[in-house]
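Here the structure comes first, spelled out in structure tokens, and everything after it is commentary.
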Amino acid sequence: MAVAIRLKREGAKNSPYYKIVVADQRKPRDGKFIEIIGTYDPKKKDENFTLQLDRAEYWVGVGARPSQTVGSIITKARKKTAA
């Protein structure tokens, strides 16, 4: 089973809000998922995400592939905790 860390879209039309989820790659974008590990709000400025970094590190460690956007969020979270 190929596992991905990606965004699940929620929110109203023209007002998107995303949850960062761990899901099977074969499932649809807003379909069944394994675990919710954070949120992302692209409309907000600065601090527009929350992430359980320990869970993200765990899933990446066991082979889950983050999407491009989630990869950049993980990088930002790592920098934030290092500072």
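The side chain to side chain donor-acceptor pair (under 3.5 Å) check on Ser67 picks up nothing, with sequence neighbours excluded. A search for salt bridge (charged side-chain N to carboxylate O under 4.0 Å, His left out) contacts involving Arg65 returns nothing, not counting sequence neighbours. Applying the salt bridge (charged side-chain N to carboxylate O under 4.0 Å, His left out) rule to Lys19 yields the partners Glu10; only residues at least two apart in sequence or on another chain are considered.
Counting only distance, with no hydrogens or angles, the side chain of Thr81 and the backbone of Ala77 share a donor-acceptor pair below 3.5 Å. The closest donor-acceptor contact from the side chain of Asn48 to the backbone of Pro42 lies at 3.5 Å or more, if one exists at all. Remark: the backbone N or O of Thr39 is paired with a side-chain donor or acceptor of Thr50 at under 3.5 angstrom.
The shortest side-chain heavy-atom distance between Ile20 and Ile36 does not fall under the 4.5 Å cut-off. Phe33 is listed as a side-chain neighbour of Lys8, based on a closest heavy-atom distance under 4.5 Å.
The distance from atom OH of Tyr18 to atom CD1 of Ile73, rounded to the nearest 0.5 Å, is 10.5 Å. Note that CD of Glu35 and CZ of Arg55 are 4.0 Å apart. Values are rounded to the nearest 0.5 Å. Atom NZ of Lys80 is separated from atom OG1 of Thr75 by 14.0 Å, given to the nearest 0.5 angstrom.
A single hydrophobic cluster is seen to contain both Ile37 and Val60, as judged by linkage of ILVMFWY side chains at heavy-atom distances under 4.5 Å, directly or through other members. Residues Ile5 and Tyr17 do not share a hydrophobic cluster, clusters being chains of Ile/Leu/Val/Met/Phe/Trp/Tyr side chains in contact below 4.5 Å. Taken together through direct or relayed side-chain contacts under 4.5 Å among Ile, Leu, Val, Met, Phe, Trp and Tyr, Val22 and Leu53 form part of one hydrophobic cluster. With hydrophobic clusters built from ILVMFWY side chains whose heavy atoms lie under 4.5 angstrom apart, Tyr58 shares a cluster with Val70.
The minimum heavy-atom distance linking Ala56 with Ile74 is given by the pair CB-CD1, 4.2 Å.
The cationic group of Lys44 does not satisfy the cation-pi geometry with Phe49, failing either the under 6.0 Å distance to the six-membered ring centre or the 45° limit from the ring axis.
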Note to self: Please evaluate residues Gln68 and Arg6 with respect to the criterion side chain to side chain contact (heavy atoms under 4.5 Å, CB included), reporting the C-alpha separation (whole Å), side-chain torsions for both, the decisive distance (0.1 Å), and the verdict.
What the structure shows: CA-CA 9 Å; Gln68 192 172 18; Arg6 62 182 180 205; over 6 Å; no

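Contact check on Asp41 versus Lys43 returns no salt bridge, with no Lys/Arg side-chain nitrogen under 4.0 Å from an Asp/Glu carboxylate oxygen.
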